[in-house]
Amino acid sequence: MKRVCFFASLRELVGNSQIHVSAKTWSDLDEQLQQCLSDEAYQAIKAENVRVALDQVLCEQAFEHMIHQDELISAEEIAFLPPVTGG
């Protein structure tokens, strides 16, 4: 099982800070998230400005680009991070 974490506004949309999925590939993960998240939450994590981290290392690509790959996900933790604003 892989842990999928959601931070800040994404956590609020999902209604939970983390869920567990059995996904082995990016397309599996996409399918499972689409089934267990609301439409609003699912669309939010696919936004171009949402960053993805695998085992606490930021990825170069947005989730929307990764889901078209059938690559295996070797990470145990997948995190979705919304854009941050500062003051």
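Since the structure is predicted, the reported quantities are computational estimates derived from the model, not experimental observations. The chain is numbered in sequence order, starting from 1.
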Subject >> Qualifying residue, where the test is side-chain hydrogen bond (donor to acceptor under 3.5 Å, both in side chains) with Arg3 and the options are Glu76, His20, Glu77 >> reply: Glu77

Side-chain ([X]) to main-chain ([Y]) donor-acceptor, under 3.5 angstrom:
{"X": "Lys2", "Y": "Ala75", "result": "yes"}
{"X": "Gln18", "Y": "Phe6", "result": "no"}
{"X": "Asn49", "Y": "Pro82", "result": "no"}
{"X": "Asp30", "Y": "Ile67", "result": "no"}
{"X": "Arg51", "Y": "Cys59", "result": "yes"}

Straight-line distance of [X] [atom1] to [Y] [atom2], nearest 0.5 Å:
{"X": "Asp55", "Y": "Ile78", "atom1": "CG", "atom2": "CD1", "value": "8.5 Å"}
{"X": "Leu33", "Y": "Ile45", "atom1": "CG", "atom2": "CD1", "value": "4.5 Å"}
{"X": "Leu37", "Y": "Lys46", "atom1": "CG", "atom2": "NZ", "value": "11.5 Å"}
{"X": "Glu12", "Y": "Phe7", "atom1": "CD", "atom2": "CZ", "value": "13.0 Å"}
{"X": "Gln56", "Y": "Cys5", "atom1": "CD", "atom2": "SG", "value": "8.5 Å"}

Original post:
Is Leu81 close to Val52 at the side-chain level, that is, under 4.5 Å between some pair of heavy atoms?
Top reply: no

Original post:
Are Leu10 and Leu54 joined in one hydrophobic group, where the rule is that I, L, V, M, F, W and Y side chains link up if heavy atoms are under 4.5 Å apart?
Top reply: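 Yes, it is one cluster - the side chains of Leu10 and Leu54 are joined through contacts under 4.5 Å.
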
**OP:** Please answer: with hydrophobic residues joined when any side-chain heavy atoms are less than 4.5 Å apart, are Val21 and Ile73 in the same cluster?
**Re:** yes

Original post:
Would Phe80 and Phe63 count as a close aromatic pair, with their ring centres under 6.0 Å?
Top reply: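 Ring-ring flag for Phe80/Phe63: true, centres closer than 6.0 Å.
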
**OP:** Output all residues satisfying side-chain contact (heavy atoms from CB on, under 4.5 Å) with Ser17, sequence neighbours left out; order by chain, then residue number.
**Re:**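 Arg11.
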
**OP:** Decide side-chain contact (heavy atoms from CB on, under 4.5 Å) for Ser38 and Leu13; before the verdict, give the C-alpha distance in whole Å, the side-chain angles of both, and the deciding distance to 0.1 Å.
**Re:** CA-CA 8 Å; Ser38 69; Leu13 280 173; 5.8 Å; no

Subject >> Heavy-atom closest contact (Ala44 atom, Val50 atom, distance) >> reply: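 Shortest heavy-atom contact: O-CG2, 3.3 Å.
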
